Amino acid sequence: MEYLEAEFFLRGSLGHGLDKFAPNLTFGGPKPMGARKANLDPFMREIIKQFGLQHLGHLRVINKIVKGFPRLLLDLSAESFAEVINMAFGRPLSPPFDPYATGLNFLIASYFIPYVGLTGFVGANPKLQASLSKKIVAGLLAVEVGQDAVIRAFLNERAMEKVEPYGTTVGEFTGRLSELRNKLGHAGLKDKGLQIGEFLYGGGDEHVPGGFFPWTNGRIARFRMHLHCDA
């Protein structure tokens, strides 16, 4: 999740990510697919850049404590985000939603990101044993909550604004995305944290890779499946 957030925010604001800032943190993993510099105004670009640098810092902290693993393949293409939006609306939008086309589009796409990270940390923290790990995750959670609050504040200010060329308000976009998060998290379980696979794989099934993480080996998906079987 930290890889996804760092790459999305850094590449969206600056056009480049970990391969320039900290190639050692990728551990030789593949470059993200489809991410590009978004059409942001200077004010929003600076905010999104700071988000990305925060997640870069998170990766550095995590890798000081635990053994790192290669950056997994990320699909941050416009097509990947368009699929999420289409699922939220229950129909394909025309033209397909492009998170990089405008600052407003990027904010809407970002609405899906820190929230999933913070629910993951909420779910993970009670399961950690080491006090240092708990302390670190609590700090990461605080940053995720802050980022989520900033994104929500900007979107709420523009809730009645129409998202062009769809003629649909920002409020309807965020409302439908919230409903989708609830649906993929199996209504009522979404805030338990360890449901993030359902969101990020894009299909409501944590056993089947896809969406933002088109992993070829399905390692984490298989691991989660074994946990379910053992339970």
Side-chain angles (χ1 to χ4, degrees), residues 1-23 25-40 48 51-52 55-56 58-59 68-102 105-120 144 147 151 173 176-177 180-181 183-185 194-225:
M1 190 64 208
E2 289 291 345
Y3 277 132
L4 184 151
E5 292 177 294
E7 294 288 10
F8 179 60
F9 290 134
L10 287 175
R11 290 175 183 270
S13 60
L14 301 173
H16 45 261
L18 296 178
D19 294 288
K20 178 173 181 178
F21 282 103
L25 293 178
T26 71
F27 293 94
K31 292 183 179 180
M33 300 164 51
R36 68 178 193 269
K37 190 174 182 179
N39 186 20
L40 306 174
I48 298 302
F51 284 0
H55 289 292
L56 173 58
H58 292 181
L59 287 168
F69 57 88
R71 175 183 55 194
L72 296 165
L73 180 62
L74 297 167
D75 186 353
L76 299 177
S77 65
E79 291 77 13
S80 184
F81 283 93
E83 288 181 9
V84 172
I85 297 297
N86 290 345
M87 289 176 62
F89 277 84
R91 58 182 172 83
L93 296 190
S94 182
F97 182 84
D98 183 351
Y100 305 106
T102 69
N105 282 19
F106 196 86
L107 275 176
I108 291 171
S110 299
Y111 181 71
F112 201 76
I113 303 298
Y115 175 86
V116 179
L118 71 89
T119 57
E144 298 280 1
Q147 291 182 355
I151 292 167
F173 266 83
R176 288 181 177 269
L177 283 171
L180 178 62
R181 292 189 309 211
K183 177 183 177 181
L184 295 182
L194 295 182
Q195 303 290 337
I196 62 174
E198 284 96 342
F199 302 134
L200 298 178
Y201 292 0
D205 185 347
E206 71 275 18
H207 305 133
V208 182
F212 295 113
F213 285 89
W215 296 323
T216 55
N217 60 15
R219 176 177 56 174
I220 294 178
R222 287 200 303 270
F223 173 69
R224 283 187 53 79
M225 184 162 59

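Just so you know, these numbers come straight off a predicted model, no measurement behind them.
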Q: So, using side chain to side chain donor-acceptor pair (under 3.5 Å) as the criterion, who are the partners of Glu144 when residues are at least two apart?
A: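 Expected list: none.
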Q: Can you tell me how far CG of Leu107 sits from OG1 of Thr102, rounded to the nearest 0.5 angstrom?
A: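 Taking OG1 in Thr102 and CG in Leu107, the distance rounds to 8.5 Å.
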Q: I'd like to check Leu73 versus Met33 (side-chain heavy atoms, cut-off strictly below 4.5 Å). Are they in contact?
A: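 Touching, per the 4.5 Å side-chain cut-off.
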Q: Can you sort out the partners of Phe81 under ring pair (Phe, Tyr, Trp, His ring centres under 6.0 Å), two or more places apart, ordered by chain and number?
A: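 For Phe81, the residues satisfying ring pair (Phe, Tyr, Trp, His ring centres under 6.0 Å) (neighbours in sequence not counted) are Phe8, Phe212.
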Q: Between side-chain atoms of residues 86-99 and protein atoms elsewhere (two or more places apart, or another chain), which donor-acceptor pairs fall under 3.5 Å?
A:
from  : atom 1 : to     : atom 2 : distance (Å)
Asn86 : OD1    : Leu93  : N      : 2.9
Asn86 : ND2    : Ala82  : O      : 3.3
Asp98 : OD1    : Arg36  : NH2    : 3.2
Asp98 : OD1    : Tyr100 : N      : 2.9
Asp98 : OD2    : Arg36  : NH2    : 2.5

Q: Quick one: OG on Ser13 to CZ on Phe106, what's the gap to the nearest 0.5 Å?
A: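 Rounded to the nearest 0.5 Å, the OG-CZ separation comes out at 7.0 Å.
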Q: When you compare the side chain of Leu76 with that of Leu4, does any pair of heavy atoms fall below 4.5 Å?
A: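 They are in side-chain contact.
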Q: So Ile151 and Ile113, do their side chains get closer than 4.5 Å, heavy atoms only?
A: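 Ile113 does not reach Ile151 side chain to side chain.
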Q: Over all heavy atoms of both residues, which pair between Phe9 and Pro114 is shortest? Give the atoms and the distance, please.
A: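 What the structure gives for the nearest pair is CZ-CG, 4.1 Å.
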Q: With Phe21, which residues qualify under ring pair (Phe, Tyr, Trp, His ring centres under 6.0 Å), at least two apart?
A: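 Once residues adjacent in sequence are excluded, the partners of Phe21 under the ring pair (Phe, Tyr, Trp, His ring centres under 6.0 Å) criterion are His16.
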Q: Rounded to the nearest 0.5 Å, how far apart are NZ of Lys20 and CG of Leu18?
A: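 Interatomic distance, Lys20 NZ to Leu18 CG, rounded to 0.5 Å: 13.0 Å.
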Q: Between Ser80 (side chain only) and Asp75 (backbone N and O only), is there a donor and an acceptor less than 3.5 Å apart?
A: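 Yes: the side chain of Ser80 pairs with the backbone of Asp75.
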Q: What is the distance from atom CG of Leu14 to atom CD1 of Ile48, rounded to the nearest 0.5 Å?
A: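 Atom-to-atom, Leu14:CG and Ile48:CD1 are 10.5 Å apart.
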Q: For Leu59, is there any backbone N or O sitting under 3.5 Å from a side-chain donor or acceptor partner on Tyr3?
A: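 Checked: no pair found.
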Q: About how many Å separate CG of Leu10 and CZ of Phe51, when rounded to the nearest 0.5 Å?
A: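 If we round to the nearest 0.5 Å, Phe51:CZ and Leu10:CG are 12.0 Å apart.
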Q: Between the side chain of Arg71 and the main-chain N/O of Gly29, is any donor-acceptor distance below 3.5 Å?
A: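 Checking the backbone N and O of Gly29 against the side chain of Arg71, a donor-acceptor pair under 3.5 Å is found.
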Q: Taking atom CG of Leu74 and atom CZ of Arg11, what is their separation to the nearest 0.5 Å?
A: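 Here the rounded value is 9.0 Å.
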Q: With the side chain counted from C-beta on, respond yes when Leu177 and Val84 share a heavy-atom pair under 4.5 Å apart, and no when they do not.
A: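 When only atoms from C-beta onward are counted, Val84 and Leu177 do touch, with a gap below 4.5 Å.
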Q: Could you walk me through whether Lys31 and Glu7 pass salt bridge (charged side-chain N to carboxylate O under 4.0 Å, His left out), step by step?
A: CA-CA 9 Å; Lys31 292 183 179 180; Glu7 294 288 10; over 6 Å; no
Q: Quick one: salt bridge (Lys or Arg N to Asp or Glu O under 4.0 Å) partners of Glu5, sequence neighbours excluded?
A: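 Residues passing salt bridge (Lys or Arg N to Asp or Glu O under 4.0 Å) with Glu5: none at all.
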